[in-house]
Amino acid sequence: MKTLVMGIGNILRGDDGIGAAVIDALQGDALPEHIDLLDAGTPGFELVLIMQDYDYVVVVDAADMGYEPGEWRMFTPDEVKLQAGDLYLRGTLHYAGLAEALNLGEALGTLTAKIDIIGVQPATIDWQQGLSDPVAMTIAPICQAVLNLVQHVDPA
Amino acid sequence: MSRLKINVHHLTRVEGHGNIVVDVQDGNLKQCELQIVETPRFFEAMLRDKPYGDASHIVSRICGICAVGHATASLRATENALGVELSEQTVLLRKLMMHGEIMDSHILHAYMLVAPDFLGVGSVIPLAKSAPDVVLRALRMKKVAGDLCAMIAGRHTHPIAMTVGGFTHFPREDELLALRERLVAMRADNQATLDLFASLELPDFVRDTEYIALSGTGEYTFIDGVIASTDGVTKPIADYRTVTNEIVVPHSSAKHTAHLRESYMVGALARFNVNYDVLHPKAREAADALGLTPKVINPFLNTVAQVVEIVHCTEDAIDIIDYLVDKGVFWEEPAEPTRDYGTGSGGVEVPRGVLFHEYTIEAGKIVGANCVIPTGQNLGNIDRDMRKLVPEILDQPKEDITHSLEMLVRAYDPCISCSTHILNVEFVNE
């Protein structure tokens with residue numbers, strides 16, 4: 001399975017940088033060659049194009065789940081409501097990029113990848129560089145979780 | 001007493017957040033404005049005390065859509081501050097990058113944000129179901145534009161190979177030729193885009209204003225040149241503050257700008273009005289076919305000007321690639337600064353209009369930074385358009401007035417805040 005581990009978020013907005021931080025930390029790990037790493041930044045609908053090239057995508061992103069800052073959880077798009085109504089009411093190109101890209105990819109039938117999302121509850125997403133302490137502490141366990149997810153993926 | 005109040009919170013399909021507020025009492029317009037609730041006020045703090053070489057990489061993260069534009073404006077400000085002279089190859093590769101970004105953004109705006117309004121489907125998701133070929137065409141075009149940027153600078157969002165004085169990575173001849181072939185193949189999709197926008201009935205609304213764009217490079221200008229106005233004034237980029245004249249207004253946390261009139265417009269329509277004479281001949285043909293002749297004073301036609309620019313950038317990118325292949329692209333060291341201090345400004349036409357960065361550098365570190373974004377320059381003009389439009393359509397139902405105002409704001413393609421990608425998640429079984 002062609003596999004992508006992708007961090008999403010803006011490193012200039014506090015804990016929204018968790019995706020990039022996890023990808024950065026994973027660069028040092030010996031990942032199998034068939035697994036790509038991508039710090040995708042804030043790609044919007046670009047995600048439709050990125051994801052259509054893969055069979056399996058692991059996404060790391062800040063997520064408002066109503067938890068305490070630094071709590072994180074793994075889920076699939078099917079298990080959650082990703083504010084799917086956004087596009088009709090207050091959707092923007094940028095605001096909920098992953099949710100909208102998943103909707104669009106599904107509507108077009110171009111999204112065939114299996115997707116796992118690791119969501120991290122942020123403490124702050126104001127304009128500032130650097131992660132809060134509780135979110136920075138999630139980097140190591142999330143890297144381990146990603147390695148567990150991808151280590152048995154069939155390279156073929 | 002009759003009273004019409006419209007308050008559109010978090011205007012949809014615009015990047016960031018904006019509220020439209022309209023208050024009409026007994027036929028008199030009491031209030032009509034675009035309220036901005038969020039804007040980045042962090043720019044200088046983000047760059048202060050950083051080595052100058054870091055600046056373009058930091059600012060490229062401000063926006064996923066204008067990553068190349070912010071990086072280029074940043075590099076030009078730094079290069080002007082430190083006395084860096086660029087090679088012809090660097091100038092051409094940067095132009096190609098900007099062409100890619102302009103196309104990418106315009107395609108998204110025209111197809112994902114504007115077309116659904118006129119095709120009566122509300123948003124791109126139902127459009128993907130009712131006319132998947134249209135949305136797939138947009139994504140196909142977007143992929144060519146993104147790959148053009150990726151070929152030169154690693155990737156589109158956050159172009160890592162762009163650096164002060166040049167590049168750290170160069171495209172191979174076979175990559176350039178493969179991309180050229182895809183640009184040639186994209187002409188059919190460009191034509192289909194022109195046909196689509198020729199078939200849409202855009203609102204018949206006009207309001208003359210001042211249009212401002214970079215110009216004076218002998219070509220349809222995206223980088224450097226001078227600041228030119230349709231009211232007949234040109235100024236060097238270093239004097240940008242005498243054009244923007246930023247002012248604080250009560251209803252917006254973003255500053256407004258004004259030059260010779262109460263407000264001015266930047267963006268594709270302003271560029272078209274200022275630089276029509278130097279459009280690529282094929283883009284002029286496209287403009288003629290769409291009936292677009294300067295000076296165009298209907299802001300709804302900004303999207304049509306964007307479609308013309310898609311054609312321009314495609315054709316000019318083909319020409320630049322031909323020139324580069326003919327000369328050969330060579331690995332070269334970035335041009336060196338001649339000093340480690342100074343003040344400099346950079347002006348770049350990004351998809352939404354002219355963007356200015358200005359840095360002061362001492363001993364190789366940034367000690368002062370300023371940035372004026374295109375959407376900030378358009379806010380005052382949007383307010384004045386709305387104040388003229390509302391009385392003209394006051395006999396229509398409230399929903400139609402609201403929709404017209406939303407479409408007007410969307411036509412400017414505003415990027416009101418540079419937002420996060422945080423997911424809003426609700427677990428189904430809890």
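Order of the sequence lines fixes the chain letters, A, B, ..., with proteins taken first and strands second; residue numbering starts at 1 for each chain. As the structure is a computational prediction, the values presented were derived from the model and not from experiment.
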Under 4.5 Å from any heavy atom of chain A, what part of Ile58(B) do you find: side chain, backbone, both or neither?
both

Which heavy atom in Val135(B) sits nearest to a heavy atom in Leu108(A), and how many Å separate them?
CG1-CD1, 3.8 Å

So, for Thr42(A) and Cys63(B), which heavy atoms are closest and what is the spacing to 0.1 Å?
OG1-C, 4.1 Å

Chain B contact via Ile50(A) - which portion, at a heavy-atom distance below 4.5 Å:
neither

What part of Asp15(A) gets within 4.5 angstrom of chain B, counting heavy atoms only: side chain, backbone, both, or neither?
neither

Atom [atom1] of [X]: over 12 foreign heavy atoms under 6.0 Å:
X: Gln27(A); atom1: CD; result: yes
X: Met1(A); atom1: CE; result: yes
X: Lys2(A); atom1: NZ; result: yes
X: Glu68(A); atom1: CD; result: no
X: Asp133(A); atom1: CG; result: no

Before giving the answer on salt bridge (Lys or Arg N to Asp or Glu O under 4.0 Å), spell out for Arg61(B) and Asp16(A) the whole-Å C-alpha distance, their side-chain angles and the decisive distance to 0.1 Å.
CA-CA 12 Å; Arg61(B) 295 278 181 162; Asp16(A) 198 33; over 6 Å; no

Do [X] and [Y] have side chains that get closer than 4.5 Å, going by heavy atoms?
X: Thr110(A); Y: Leu136(B); answer: yes
X: Glu46(A); Y: Lys142(B); answer: yes
X: Glu100(A); Y: Val124(B); answer: no

Quick one: pull up [atom1] in [X] and [atom2] in [Y] and give me the separation to the nearest 0.5 Å.
X: Lys143(B); Y: Gln52(A); atom1: NZ; atom2: CD; value: 7.0 Å
X: His57(B); Y: Ile11(A); atom1: NE2; atom2: CD1; value: 11.0 Å
X: Phe45(A); Y: Ile65(B); atom1: CZ; atom2: CD1; value: 9.5 Å

For Ile125(B), does its backbone N or O pair with a side-chain atom of Asn103(A) as donor and acceptor, under 3.5 Å?
no

